[in-house]
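Inspection log for the structure reproduced underneath, given as structure tokens.
Residues: numbered from 1 along the sequence shown. Values reported hereafter were calculated over all heavy atoms of this structure, with side chains retained and with hydrogens, waters and symmetry mates removed.
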Amino acid sequence: MEIRSERQRRRLKAPPRRVAAAATLPYADLHTKSNIAPNTREPYASAWVNSGGTAGFSIRETLVPKQSVMTGSLGAVFILSGGMIMYRTVMCNALRKENIGQTVSLAGWVDTIRDHGGVLFLALRDETGITQVVFHDDEMLKGIGRECVISVTGKVVERDAETVDPKLATGLVEVHVEQMELLGPSKSMLPFIPAESMDTREEVRLKYRYLDLRNPKVHENIILRSKVITYLRRKMEDLGFLDIQTPILTASSPEGARDFLVPSRKHKGKFYALPQAPQQFKQLLMVSGFNKYYQVAPCFRDEDARQDRSPGEFYQLDYEMAFATQDDVLAVCEEVISDTFKHFAPDSVISDAPFERITYRESMLKYGTDKPDLRNPLEIIDLTDFFANVDFPIFKGKPVRGIVADCAACSKKFFEDSLKFATSIGMKGLGYLTAVEGQPNFKGPIDKFLSDEQRAEIRQLSGIKDGETVFFISDKKGTVDLYAGQIRTWLGERLDLLEKNAFRFCFVVDFPMYEINEETHKLDFTHNPFSMPQGGLDALENQDPLEILAYQYDLVCNGIELASGAVRNHSVDIMKKAFALAGYTEEELAARFSALYTAFQYGAPPHAGMAPGIDRMIMLLADTETIRNVIAFPLNGNAQDLLLGAPSQVTEQQLREANIQIREEA
């Protein structure tokens, strides 16, 4: 209802005590939600500035006992009991030529100060950008330095032609300051200049992360993150998915990484685990009758850091669908991911849906990895059968891979560097042949082992053209593909072959269900233990476990695994047999996964899902080298929070309450 008290109107129209310019701004109609009781509720005002530069206010309630402090959407703060303080009427990036002549208030951080003989030019920065403000009285800036927070009021003036800054959106105007207030002083000795933080050691940046986040590029990454997550939520809800949160304190389960354990105070000697993923909960939601679930899920894994992996925690767009096939899940992923990248990278080349599907075996053979970078045009070919008939002892009895690349313009040093790289990754050498124009023979040490027929055959098999080189990689099975993949990547980068400004997506499908664990030398799950084997129970009972494929799939973009998922096992019998092959007894299965084991006995629908990684997605969109640049407060590469000092020691009392005793190593 409308405010009826004239006293309240008079209080709002009282002349300001701190910012004289604000007194000239006309007010809009004032409203409140209910009557205002003395000393219990006071008006809460929000402020805005329209395109003409005038301000408006709306009134709501807030519980403030004595004097009312009103905050506005632009950050303006009003003290109603006898005056008004306005921090700002406009953001720093909003002023244009049409604002010339207006009196405005700005607030932000001091970016730079330049003294031009009695006239001082200050670049004032807030989240939106920079405005140049001019001081004609140097006393006003006494004690003011970089990164101090100030509020200024003054008139918008057109810049002289020679001082126009085309790099700034506000470069045609400046504000001549009449009043200034220091809101937050800063130490004069800064650890680094925020605008130059990207050139500072990461350990220092993370220790003073609040300064690092003032860097416009880093700051923009976090804003981008917020926008991407909002967009993803809207897409999922438009597709009929429900946002359902799952627990953070849960039970430990074998999901591929070490758990973070949380001791129980009430249950001595027992532990919770932070979820590596909401795996069991999302399956239980499907058993509970929900049709489509999603959440922006925090996941916790005690893993070492990589460029595309932050240690400790990460976020994923987790989703699950009842009565869904692999194709159903991949179709949702294609729509959501494709639309998201096209929205936030409109000038980039982006794979159209449907994305290319590559089997795991094809990917390992053709690209030497299960995370192929399709921007790289080079492909690996299998030359094992060819070299089986070549009298070259180094390749005898071993698988051989070949990669053809145009190295015609490369110097001798390039080939020396290729050998150095090969040995640095563990290879014993790197053979090659170069096709010479007009000659049947190749250039390279292996040529002397080839007959004329074999030279013609390898030209046909590899498709090599004059001036091109075919590189050979040979090692034991399994290892040879990994080496070939690394050589392919090195050649693509060194020869500058990667497609520019492109996001190339593909699905890698048909992962093997099992593998031999390198540490235990026993059969283990390759991917997700809750996946459905292709062929179901019959495959588990009658096939070689190492030949069984699973309905498991990854989304890959530019050589980065962006998402992982599977059609889930929803049968108790299949679950028991699948885990039995991996060495679990039925008793162990029932104890470790009691919820799923029991729930599947009460009618479980077929279901499937996926979980694109949000941090990696934003890292790609932001075009930054490390994932830590898109996380507001990341751990460092050694899993330490340098800002807050975690992990840290705790008190003896806290240890006793958690039933924990520290055992010193001998």
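- Summarising the local packing, CG of D304 is surrounded by 12 or fewer heavy atoms from other residues, nucleotides or ligands at distances under 6.0 Å.
- For the pair E320 (side chain) and L285 (backbone), a donor-acceptor distance under 3.5 Å is absent.
- A 6.0 Å sphere centred on CZ of R306 holds more than 12 heavy atoms belonging to other residues, nucleotides or ligands.
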**Item:** Pair L242-Y293, side-chain contact (heavy atoms from CB on, under 4.5 Å): steps then yes or no
**Value:** CA-CA 5 Å; L242 295 177; Y293 138 92; 5.8 Å; no

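- Within a 6.0 Å radius of NZ in K207, other residues, nucleotides and ligands contribute 12 heavy atoms or fewer.
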**Request:** Decide yes or no on salt bridge (Lys or Arg N to Asp or Glu O under 4.0 Å) for R234 and D339, but give the supporting numbers first.
**Result:** CA-CA 12 Å; R234 289 173 181 165; D339 286 359; over 6 Å; no

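- The number of heavy-atom neighbours closer than 6.0 Å to NZ of K268, taken from other residues, nucleotides and ligands shown, is 12 or below.
- Between the side chain of T369 and the main chain of P372, no donor-acceptor pair closer than 3.5 Å is present.
- For the atom pair CG of D212 and OG of S197, the computed distance is 4.0 Å after rounding to the nearest 0.5 Å.
- Checked against the 6.0 Å centroid threshold, F507 and F355 count as a close aromatic pair.
- The aromatic rings of Y231 and H343 sit parallel, their planes meeting at an angle under 30°, below the 60° perpendicular limit.
- Just one of R233, K235, K292 meets the salt bridge (charged side-chain N to carboxylate O under 4.0 Å, His left out) condition when paired with D243; it is R233.
- Between the side chain of Y553 and the backbone N or O of S564 there is no donor-acceptor pair closer than 3.5 Å.
- Here the shortest heavy-atom pairing between A169 and N93 reads CB-OD1, 3.5 Å.
- Interatomic distance, CD1 of I618 versus OH of Y315, reported as 11.5 Å (0.5 Å rounding).
- The environment of OH in Y272 is sparse: at most 12 heavy-atom neighbours from other residues, nucleotides or ligands sit within 6.0 Å.
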**Request:** Assess whether salt bridge (Lys or Arg N to Asp or Glu O under 4.0 Å) is satisfied between R258 and D302, documenting all intermediate values.
**Result:** CA-CA 5 Å; R258 298 181 187 88; D302 189 0; 5.3 Å; no

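- Considering OG of S351 and CZ of F341, their distance stands at 10.5 Å, rounded to 0.5 Å.
- Within the 4.5 Å cutoff, side-chain heavy atoms of L249 are placed close to those of L274.
- Only one option out of L644, L213, L642 pairs with F633 in a side chain to side chain contact (heavy atoms under 4.5 Å, CB included); it is L213.
- Interatomic distance, N291 CG to M286 CE, rounded to the nearest 0.5 Å: 7.5 Å.
- With hydrogens and angles disregarded, no donor-acceptor distance shorter than 3.5 Å links the side chain of T200 to the backbone of R205.
- For N528 (side chain) and G565 (main-chain N/O), no donor-acceptor pair under 3.5 Å exists by modelled atom type.
- Residue K342 places its NZ atom among more than 12 non-hydrogen atoms of other residues, nucleotides or ligands, all under 6.0 Å distant.
- Using a distance-only test at 3.5 Å, with no hydrogens or angles considered, no donor-acceptor pair links the side chain of R375 to the main chain of R504.
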**Request:** Please step through salt bridge (Lys or Arg N to Asp or Glu O under 4.0 Å) for the pair R592 and E588, ending with a clear verdict.
**Result:** CA-CA 6 Å; R592 298 197 68 173; E588 288 175 316; over 6 Å; no

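- Applying the 6.0 Å contact sphere to CD of Q601 captures more than 12 heavy atoms from other residues, nucleotides or ligands.
- With ring centers used as reference points, F260 lies 6.0 Å or more from F300.
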**Asked** Run the side-chain contact (heavy atoms from CB on, under 4.5 Å) check on D259 and F271 step by step: do they pass?
**Response** CA-CA 11 Å; D259 285 321; F271 294 81; over 6 Å; no

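- Taking CD from Q307 and CZ from R616, the interatomic distance works out to 12.0 Å, rounded to the nearest 0.5 Å.
- Surrounding OH of Y210 are more than 12 heavy atoms belonging to other residues, nucleotides or ligands, all under 6.0 Å away.
- When each of L621, V630, I631 is checked for a side chain to side chain contact (heavy atoms under 4.5 Å, CB included) with N221, only V630 meets the rule.
- Rounded to the nearest 0.5 Å, atoms OH (Y551) and CD (Q534) are 5.0 Å apart.
- Evaluation of the salt bridge (Lys or Arg N to Asp or Glu O under 4.0 Å) test over residues 623-645, restricted to residues two or more places apart or in two chains, returns E202-R628.
- Ring geometry for F530 against F579 counts as tilted: the plane angle lies between 30° and 60°, on a 0 to 90° scale.
- Side-chain contact check for P647 versus Q640: some heavy-atom pair is nearer than 4.5 Å.
- D554 and Q552 form no side-chain donor-acceptor contact under 3.5 Å, judged by distance and modelled atom types alone.
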